[in-house]
Amino acid sequence: MSADATGGLPASFMRPGSSSFVDFLADHAPHLLPGSRQGGVPHDAGVPHATTIVALRFDGGVVMAGDRRATAGSHIASRDIEKVFPADELSAVGIAGTAGLAVELVRLFQLELEHYEKIEGTLLSLDGKANRLATMIRGNLGLAMQGLVVVPLFAGYDADRGTGRIFSYDVTGGRYEEQDFHAVGSGAMFARGSLKKEWRRGLGRDAAVRAAVGALFDAADDDSATGGPDSLRDIWPVVAVVTAAGYERVTDAELEAATTAIVADRRARRTEMQP
């Protein structure tokens, strides 16, 4: 979108239209949308991929956590990539899949929600946010068919219902609400098994954070593409808590303490099991 002949903003900026920034972009500069890039890089060209994301509900909100490793084939492309982001003040989005496209999708989703708030003067409902993300994933189906898959996990605090909610997606944009917890990425199977043992009704915020870190710990133990907490380099998972008070990133000091407690607990169990 370039300036008009007078050097001012194009007329399209001045016309009232949809509250969706993606719709605006599709009308006036469709080549800027991620899904418009067909015939791109083949999926085996050493493109970094991100894994693993977990989310669980607790009394008062949701916790979302992501490990920090990105892989390209059998190589570690990054040890400190960020995969969990604030979507807006009451929701979080985590990414698994092709890292570059996933980060671009998250930024576009953040812009979509900010644009809606500015146009409408209010936040979109949590269901509305989940539906907007599904539409954006559907727009990337062409890239997904080439192997450049982006699989987000979305969670937030529903102010109307007074509870946390979690949404997962498939590559076609199918949207599914998860009841208590969920995980995506190559380590998802192991993370879900861990959360199944740890999750319970009435879980508090601190216990939920520890359960999320423990799930990533278990995923990293069996999945080479998932990185566990790295105390040697002080690299900790990105963990977000979303409540009625808003989005909060858990501090590294709290994550280090949670990791230390998990390791101590598992060492104690191992000692008890030895003859």
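Count residues from 1 along the sequence.
- When the side chains of ILVMFWY residues are joined at heavy-atom separations under 4.5 Å, either directly or via intervening members, L101 and F85 end up in a single hydrophobic cluster.
- Across all their heavy atoms, V62 and A155 have their closest contact at CG2-CB, 3.9 Å.
- Both V106 and L126 belong to a single network of hydrophobic side chains, linked directly or stepwise wherever heavy atoms of I, L, V, M, F, W or Y lie under 4.5 Å apart.
- Taking NE2 from H182 and CE from M64, the interatomic distance works out to 10.5 Å, rounded to the nearest 0.5 Å.
- The same ILVMFWY cluster, assembled from side-chain heavy atoms under 4.5 Å apart, contains both L203 and V213.
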Working note: D230 + R69, criterion side chain to side chain contact (heavy atoms under 4.5 Å, CB included); need CA distance, chi angles, decisive distance, verdict. CA-CA 10 Å; D230 189 341; R69 178 174 294 177; over 6 Å; no
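- Note that the CZ atom of R138 and the CZ atom of R175 stand 10.5 Å from one another [nearest 0.5 Å].
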Evaluation steps, side chain to side chain contact (heavy atoms under 4.5 Å, CB included), between Y116 and R132: CA-CA 11 Å; Y116 179 92; R132 290 287 175 100; 3.9 Å; yes
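- When hydrophobic clusters are built by joining Ile, Leu, Val, Met, Phe, Trp and Tyr residues whose side-chain heavy atoms come closer than 4.5 Å, directly or via intermediates, I262 is grouped together with W236.
- Formation of a donor-acceptor pair under 3.5 Å by the W199 side chain with backbone atoms of R57 is found in this model.
- For the pair P86 and Y247, the tightest heavy-atom approach, listed with the atom from each and the gap, is CA-CE1, 3.5 Å.
- Put simply, the side chain of R210 never gets that close to the backbone of A258: no donor and acceptor are under 3.5 Å apart.
- In this structure, the separation between CD on Q179 and CZ on R165 is 9.5 Å, given to the nearest 0.5 Å.
- Judged by distance alone, the side chain of Y157 and the main-chain N or O of G60 form no donor-acceptor pair under 3.5 Å.
- With E248 as the fixed residue, the side-chain contact (heavy atoms from CB on, under 4.5 Å) test singles out one of V241, V239, V63: V241.
- In the hydrophobic clustering of ILVMFWY residues, with side-chain heavy atoms under 4.5 Å counting as a link, L113 and I137 come out together.
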With side chain to side chain contact (heavy atoms under 4.5 Å, CB included) as the test, would you mind laying out the steps for D88 and L124 before giving the verdict? CA-CA 10 Å; D88 67 359; L124 192 61; over 6 Å; no
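- Of the N and O atoms on the side chains of D170 and T172, at least one donor lies less than 3.5 Å from an acceptor on the other residue.
- Separation of atoms CZ (F58) and OG1 (T243) is listed at 6.0 Å; rounding is to 0.5 Å.
- Between R161 and D127, the shortest heavy-atom contact is NH2-OD2, 4.2 Å.
- S194 and D218 make their closest contact through OG-OD2, 2.7 Å (heavy atoms, listed as atom of the first residue, atom of the second, distance).
- Minimum interatomic distance between V242 and S91 (heavy atoms only, all atoms of both residues): CG1-N, 3.9 Å.
- Rounded to the nearest 0.5 angstrom, L216 CG and L195 CG are separated by 8.5 Å.
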Might you work through the side chain to side chain contact (heavy atoms under 4.5 Å, CB included) test for R266 and F217, ending with a clear yes or no? CA-CA 11 Å; R266 296 188 180 188; F217 215 99; 3.8 Å; yes
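- Side-chain contact between E104 and V150: absent, with no pair of heavy atoms (C-beta onward) separated by less than 4.5 Å.
- Using the six-membered ring where Trp is involved, F154 and F109 have ring planes that are perpendicular, over 60° apart on the 30 and 60° scheme.
- Closest heavy-atom contact between L255 and P237: CD1-O, 3.0 Å.
- Residues H115 and S20 are not in side-chain contact: their nearest non-hydrogen atoms beyond the backbone lie 4.5 Å or more apart.
- A 4.5 Å side-chain heavy-atom check between L133 and P152 finds at least one atom pair inside the cut-off.
- Salt bridge present: D265 and R269 bring a charged side-chain N and a carboxylate O closer than 4.0 Å.
- Atom CD of E89 sits about 5.0 Å away from atom CG of L123, to the nearest 0.5 Å.
- By the 6.0 Å contact criterion, CZ on R249 is enclosed, its count of non-hydrogen atoms from other residues, nucleotides or ligands being greater than 12.
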